[in-house]
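Data first, discussion second: the structure below is written as structure tokens.
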Amino acid sequence: MPELAEVEFYRQQWDPGLGRRVRSVLVHPRARVFRGCAVRALVDELAGATLRTSAAAAKQMLFRFSGGRWLGLHLGMSGELRMETADRAPQKHDHLVLVQRECRLVFSDPRMFGRVSFAVGSEPPGWWTRLAPPILSDAFSIEAVAAFLHRRARAPIKAVLLMQERFPGIGNWMADEILWRAAVHPARPSGSLKPGEVRAVWRNCRRVCRCALAAIAGRGGRVPPALNANIPDSWLFNHRWEDGGRCPRTGAPLARGVIGGRTTCWSPARQKL
DNA sequence: CCAATTGTTATTTA
DNA sequence: ATAAATAACAATTG
């Protein structure tokens with residue numbers, strides 16, 4: 001599930017643990033989410049460390065602890081972060097639990113497409129610093145987008161929007177939302193977009209990221225009651241899975257199909273091939 | 001039993 | 001050789 005704004009939402013779930021010491025670490029060490037991770041070192045090094053800061057970028061999260069310890073988390077398809085009371089025992093899919101005095105910080109992921117990583121050092125790990133420039137940064141320029149679409153000219157625009165090396169944090173629903181707003185059919189070859197359409201895609205990448213962060217991750221620490229409770233019905237988001245769903249702008253029926261290997265929803269009335 | 005799922009990556013195909 | 005398409009990963013739900 002988690003894309004850019006959901007990842008930021010889940011990052012905030014661990015905020016109650018900031019500035020507090022980790023007393024012990026509970027893991028399911030054989031779980032797939034630990035592939036490539038030194039679980040033993042993670043458990044030994046995080047026990048006794050204090051959670052200092054956290055950050056989210058793209059679909060990644062990075063938690064910095066005292067002593068130059070870094071915990072990286074990716075939520076995959078079904079991951080989530082929760083804060084639980086101190087006495088609550090880990091559930092079946094709770095692969096990593098940081099036990100603090102007042103609460104427990106839980107990473108849970110039933111399908112285990114997510115990932116845990118751990119590193120020690122004075123600088124953030126390379127996988128973090130090498131992430132593509134954020135869509136809401138100046139580096140995400142229309143020129144960079146146009147060049148990227150040109151290089152992937154034969155691939156459907158829907159598939160290209162899912163490429164994290166240029167569109168960090170965009171996932172299936174955000175890609176559909178962007179193309180719907182830009183009035184571009186998801187199956188269009190990227191190289192066939194006219195300059196005005198490239199501009200519309202670029203602009204709506206930024207707009208959807210900004211609006212999704214405001215609606216899902218909240219502002220100034222105000223956390224929404226439920227993950228997607230604040231998404232307006234004027235978005236495609238609330239209609240894309242409805243049976244007989246209709247385009248909020250035209251009222252015409254929505255279409256669904258597999259494009260770029262992913263289930264895709266679009267409004268044929270707005271988005272023409 | 002079959003098909004579906006808001007992600008990523010290795011492998012195969014063109 | 002490169003880019004695009006496909007399969008695979010795992011668990012759960014309808």
Side-chain angles (χ1 to χ4, degrees), chain A residues 1-11 28 30-37 56-61 72-81 90-96 107-117 127-128 130-132 135 147-181 186-192 205 208-209 211-213 215-217 224 226-231 235-243 245 254 256-266:
Chain A
M1 165 154 67
E3 305 176 20
L4 185 83
E6 288 100 345
V7 172
E8 171 59 21
F9 171 87
Y10 283 123
R11 181 195 67 78
H28 294 320
R30 308 299 300 271
R32 207 179 111 88
V33 292
F34 290 109
R35 60 198 181 280
C37 174
K59 297 174 189 171
Q60 307 279 349
M61 288 173 286
L73 294 177
H74 188 289
L75 297 172
M77 199 89 109
S78 56
E80 62 178 27
L81 300 191
Q91 309 294 298
K92 183 177 179 186
H93 302 295
D94 297 349
H95 308 299
L96 174 67
F107 166 64
S108 183
D109 181 9
R111 284 172 74 181
M112 295 195 286
F113 291 170
R115 180 160 225 153
V116 178
S117 71
W127 61 262
W128 173 264
R130 283 192 296 269
L131 287 173
I135 289 174
F148 193 81
L149 298 199
H150 183 70
R151 203 144 53 79
R152 307 287 183 167
R154 301 173 67 104
I157 182 66
K158 164 68 185 270
V160 172
L161 283 180
L162 294 175
M163 295 179 179
Q164 299 297 297
E165 68 261 38
R166 178 48 68 192
F167 302 97
I170 301 297
N172 206 29
W173 80 255
M174 291 181 84
D176 285 358
E177 189 78 33
I178 289 161
L179 292 173
W180 172 72
R181 292 182 185 219
R188 291 270 304 280
S190 295
S192 75
C205 282
V208 168
C209 284
C211 294
L213 283 166
I216 294 171
L227 191 55
N228 294 322
N230 292 335
I231 296 193
W235 292 32
L236 179 65
F237 183 92
N238 284 340
H239 312 276
R240 49 184 281 117
W241 295 125
E242 288 174 354
D243 259 343
L254 293 169
R256 232 179 287 165
V258 175
I259 296 174
R262 306 298 303 278
T263 302
T264 300
C265 177
W266 71 95

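Labels below follow one simple rule: chain letters A, B, ... track the order of the sequence lines, proteins then strands, and each chain is numbered from 1. Predicted model only: the values in this text are computed from it and were never measured.
Taken together, the paired segments of DNA chain C that extend over three or more consecutive Watson-Crick or G-U pairs, each closer than 3.5 Å at both contacts, are B:2-5 with C:11-14, B:7-14 with C:2-9.
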Annotated protein contacts, base or backbone, on nucleotides 4-14 of chain C with a non-hydrogen cut-off under 4.0 Å, one of B, S, - each: SS---BBBS--
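No contact: A:Ser78 has no heavy atom under 4.0 Å from any strand.
Look at CD on A:Glu165: it is 11 Å from P on B:dT8, rounded to the nearest Å. In this structure, A:Arg256 atom CZ and B:dT6 atom C1' are separated by 14 Å, rounded to whole Å. For the pair A:Arg115 CZ and B:dT9 C1', the interatomic distance rounds to 9 Å; values are reported in whole Å. Whole-Å rounding puts the A:Asp109 CG to B:dT8 P distance at 12 Å. Remark: C1' of B:dT6 and CG of A:Leu4 are 12 Å apart, rounded to the nearest angstrom.
For A:Arg35, the CZ atom sits in a packed shell: over 12 heavy atoms of surrounding residues, nucleotides or ligands are nearer than 6.0 Å.
A cation-pi geometry, defined here as NZ or CZ lying under 6.0 Å from the six-membered ring centre and within 45° of its normal, holds between A:Arg181 and A:Trp235.
OP1 or OP2 of B:dG7 has not a single side-chain nitrogen or oxygen of A:Gln164 nearer than 4.0 Å.
Using cut-offs of 30° and 60° on the angle between ring planes, the pair A:Phe237 and A:Trp173 is perpendicular.
Among A:His93, A:Lys92, A:Gln91, the single residue meeting the side-chain contact (heavy atoms from CB on, under 4.5 Å) criterion with A:Pro110 is A:His93.
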